[in-house]
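Some notes on the structure that comes next.
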Number of protein chains: 2
Amino acid sequence: MSDRVVPPGARRRRRPTKQGVVLSEELIVRTALRLVSEHGADALTVRRLGVALGADPSSLYRYFRNADDLLLAVADELIGRGLRDWRPSGHWRADLRDLGLRLHESALAHPQATVLSACRVTGRAHEIRAVEAGLGLLRGAGFPDAEAVRIYHAFVDQALGFAALDAANAALPRSAHEAEERVWNTTYADLPEETHPNIAATVPLLAATMRASAYPTALNMLLAAAEARLSVHTRRG
Amino acid sequence: MSDRVVPPGARRRRRPTKQGVVLSEELIVRTALRLVSEHGADALTVRRLGVALGADPSSLYRYFRNADDLLLAVADELIGRGLRDWRPSGHWRADLRDLGLRLHESALAHPQATVLSACRVTGRAHEIRAVEAGLGLLRGAGFPDAEAVRIYHAFVDQALGFAALDAANAALPRSAHEAEERVWNTTYADLPEETHPNIAATVPLLAATMRASAYPTALNMLLAAAEARLSVHTRRG
DNA sequence: AAGCTTATGACAACACCATTGACCTGTGAA
DNA sequence: TTCACAGGTCAATGGTGTTGTCATAAGCTT
């Protein structure tokens with residue numbers, strides 16, 4: 001039943017639930033975000049969200065077409081939060097770095113939503129703002145259009161890719177994390193030096209490094225490579 | 001019941017199912033991969049896999065601890081296929097580039113499976129081989145251990161991140177792709193130069209570039225940055 | 001060849017999930 | 001004051017992963 005959903009503006013009657021809560025799209029999204037960040041990834045189900053709101057689960061279908069629709073609304077809210085107070089300083093490399101880290105960070109704050117939505121091109125306001133800003137930084141720095149576009153593409157997809165990867169990791173249940181820890185501390189740690197010399201030589205470093213996100217490293221390397229290319233262009237032009 | 005699973009080597013009695021199929025870890029993984037690539041990511045459920053195999057769903061728990069364990073096996077199989085005929089040539093940068101492109105490509109060959117598994121540390125044979133190979137290339141090139149590990153981490157997560165992103169994109173239904181095309185050709189193309197000068201100036205380039213994967217570009221930039229750092233170390237050492 | 005053990009497949013049940021058709025009730029405009 | 005209907009609720013459906021229990025045939029021993 002898709003016509004159960006009333007468009008946001010057209011809603012008029014604010015009838016409270018049995019438990020006295022007045023529902024709204026905004027309240028539902030906020031509660032969903034709270035649920036995820038307080039009780040982990042698995043907590044976001046229609047039923048639990050209903051309980052958290054003090055409403056019957058099926059009430060949510062008056063506001064969202066289905067669970068995926070709800071998740072997209074949550075994701076959209078996230079993009080907004082990530083961009084909220086980003087302001088360019090005038091140094092393209094630092095600004096691009098800041099932009100990437102912010103997007104990555106706000107995605108990671110709510111992994112469950114990011115996992116399901118990182119790959120979609122929305123064409124919505126926040127996304128457009130990010131594209132314009134990123135391109136502006138690169139063209140302003142002196143990159144020719146074609147190269148600015150290529151580098152921007154690599155930049156933004158790298159940010160999204162790492163966000164998806166790290167978010168998926170953060171969204172795993174505790175048991176999966178413990179299992180992963182065990183894999184590093186036993187499976188990899190026990191490999192003999194004869195057959196796996198490189199792993200054996202670096203296993204403590206490996207276990208420690210792999211725990212955190214590699215995004216800052218990868219981002220710095222991408223920006224370093226970009227700067228190196230830029231100097232070629234500016235010498236030429 | 002975790003002791004239902006018999007380790008791969010110790011399996012002796014090959015009793016056929018009611019429908020005459022002789023199960024094996026390998027057959028199950030292959031069937032799962034086929035199921036996913038033929039009918040999409042949602043088709044991979046224990047029950048459907050049972051039907052596809054001609055066995056009771058619960059039989060699978062003799063081979064895998066749970067559904068997640070099975071998924072990890074599928075992921076490792078993908079890594080194995082990507083690695084299958086990779087041979088190092090002795091030039092670390094070219095070899096690492098080749099390794100990255102192969103992993104990315106084999107992941108994209110089964111987008112739905114990649115979406116589900118790209119983010120996981122499997123600790124299985126193929127993954128271990130890839131880690132050993134990648135680390136070996138970097139250490140052999142002259143990077144100090146700590147830096148080799150850091151760069152390897154960035155390298156492999158970049159490959160996985162792009163794989164996840166591009167796979168998610170490839171897995172979208174045709175309608176979603178057409179919608180995306182429309183976003184570039186209308187939403188972005190119609191933005192006025194006054195408010196969005198950078199998008200307006202590059203829209204044809206944008207639309208063309210965004211269609212393909214940015215992974216080769218990003219990979220090249222990462223390797224260029226790595227090489228630049230290496231020259232610092234070798235000058236010092 | 002017969003018998004025994006036990007690995008392994010099958011069955012049935014459980015708890016949880018998203019979703020929806022039908023019903024009921026209070027809101028808010030007339 | 002009325003009363004249409006938006007919106008909350010109930011109950012049911014068919015899906016999911018998972019496990020306790022049982023049955024049986026594979027492959028060892030004799």
Side-chain angles (χ1 to χ4, degrees), chain A residues 1-25 27-28 31-32 35-36 39-72 74 112 116 172-173 175-176, chain B residues 1-25 27-28 31-32 35-36 39-74 116:
Chain A
M1 245 205 274
S2 57
D3 53 341
R4 297 177 89 153
V5 177
V6 173
R11 209 170 279 274
R12 300 206 312 278
R13 303 190 184 176
R14 321 318 330 247
R15 178 180 176 180
T17 71
K18 256 189 173 172
Q19 302 183 35
V21 182
V22 176
L23 295 181
S24 70
E25 199 167 335
L27 176 66
I28 296 173
T31 307
L35 208 55
V36 167
H39 299 89
D42 298 341
L44 189 55
T45 71
V46 177
R47 293 166 128 83
R48 291 200 229 206
L49 184 50
V51 172
L53 281 162
D56 189 90
S58 63
S59 300
L60 304 181
Y61 291 86
R62 301 278 182 208
Y63 294 83
F64 300 96
R65 209 169 298 282
N66 51 41
D68 192 61
D69 193 24
L70 166 62
L71 262 158
L72 285 186
V74 171
Q112 174 92 353
L116 298 173
L172 292 176
S175 63
Chain B
M1 248 203 274
S2 58
D3 53 341
R4 297 177 90 152
V5 177
V6 172
R11 207 170 282 274
R12 299 205 314 278
R13 304 187 185 179
R14 321 316 328 251
R15 178 180 176 182
T17 71
K18 259 191 173 171
Q19 301 183 37
V21 183
V22 176
L23 294 181
S24 69
E25 198 168 338
L27 177 65
I28 296 173
T31 307
L35 206 57
V36 165
H39 301 95
D42 295 343
L44 188 54
T45 72
V46 178
R47 295 167 129 83
R48 287 202 233 206
L49 184 51
V51 172
L53 281 163
D56 189 272
S58 65
S59 299
L60 303 180
Y61 290 85
R62 299 281 181 205
Y63 293 84
F64 300 96
R65 207 169 301 282
N66 51 39
D68 193 64
D69 193 25
L70 167 62
L71 186 65
L72 289 184
V74 171
L116 295 175

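All of these numbers come straight from a predicted model, not from anything done at the bench.
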>> As an exercise, state the distance from CG of B/N66 to CG of B/L72, rounded to the nearest 0.5 Å.
In response: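 Separation between the atoms: 8.5 Å.
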> Roughly how far apart are A/L70 CG and A/Y63 OH, rounded to 0.5 Å?
Replying inline: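 If we round to the nearest 0.5 Å, A/L70:CG and A/Y63:OH are 13.0 Å apart.
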When the distance from [atom1] of [X] to [atom2] of [N] is rounded to whole Å, what number comes out?
X: B/F64; N: D/dT18; atom1: CZ; atom2: P; value: 13 Å
X: B/Q19; N: C/dA10; atom1: CD; atom2: P; value: 8 Å
X: B/D69; N: D/dT19; atom1: CG; atom2: P; value: 12 Å
X: B/D56; N: C/dA13; atom1: CG; atom2: P; value: 14 Å
X: B/Y63; N: C/dT8; atom1: OH; atom2: C1'; value: 7 Å
X: A/L53; N: D/dG7; atom1: CG; atom2: C1'; value: 15 Å
X: A/L49; N: D/dT9; atom1: CG; atom2: P; value: 13 Å
X: A/N66; N: C/dT19; atom1: CG; atom2: C1'; value: 9 Å

> Reading DNA chain C 5' to 3', how would its secondary structure be written in dot-bracket notation, given Watson-Crick and G-U pairs with both distances under 3.5 Å, brackets [ ] for crossing pairs and | for partners on other strands?
Replying inline: ||||||||||||||||||||||||||||||
Would you tabulate the nitrogen or oxygen pairs shorter than 3.5 Å linking the protein to nucleotides 23-25 of chain C?
{"from": "C/dT25", "atom 1": "O4'", "to": "A/R15", "atom 2": "NH2", "distance (Å)": "3.3"}
{"from": "C/dT25", "atom 1": "O2", "to": "A/R15", "atom 2": "NH1", "distance (Å)": "2.6"}
{"from": "C/dT25", "atom 1": "O2", "to": "A/R15", "atom 2": "NH2", "distance (Å)": "3.3"}

Can a side chain N or O of [X] be found less than 4.0 Å away from OP1 or OP2 on [N]?
X: B/S59; N: C/dT8; answer: no
X: A/Y61; N: D/dG8; answer: no
X: B/S58; N: C/dA10; answer: no

> More 5' along DNA chain D: B/A67 or A/P57, using each one's nearest nucleotide?
Replying inline: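 Checking each residue's closest nucleotide, the 5'-ward one belongs to A/P57.
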> To the side chain of B/K18, which of C/dA10, C/dG9, D/dC10 is closest?
Replying inline: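 Shortest atom-to-atom distance from the side chain points to C/dA10.
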Shorter than 3.5 Å, N or O on both sides, protein versus nucleotides 12-16 of chain D: list them out with atom names.
{"from": "D/dT16", "atom 1": "OP1", "to": "B/T45", "atom 2": "OG1", "distance (Å)": "3.3"}

With a 3.5 Å cut-off and sequence neighbours excluded, list the donor-acceptor pairs that the side chains of residues 43-56 of chain B form with protein atoms.
{"from": "B/T45", "atom 1": "OG1", "to": "B/R48", "atom 2": "N", "distance (Å)": "3.1"}
{"from": "B/D56", "atom 1": "OD1", "to": "B/S58", "atom 2": "N", "distance (Å)": "2.9"}
{"from": "B/D56", "atom 1": "OD1", "to": "B/S58", "atom 2": "OG", "distance (Å)": "2.6"}

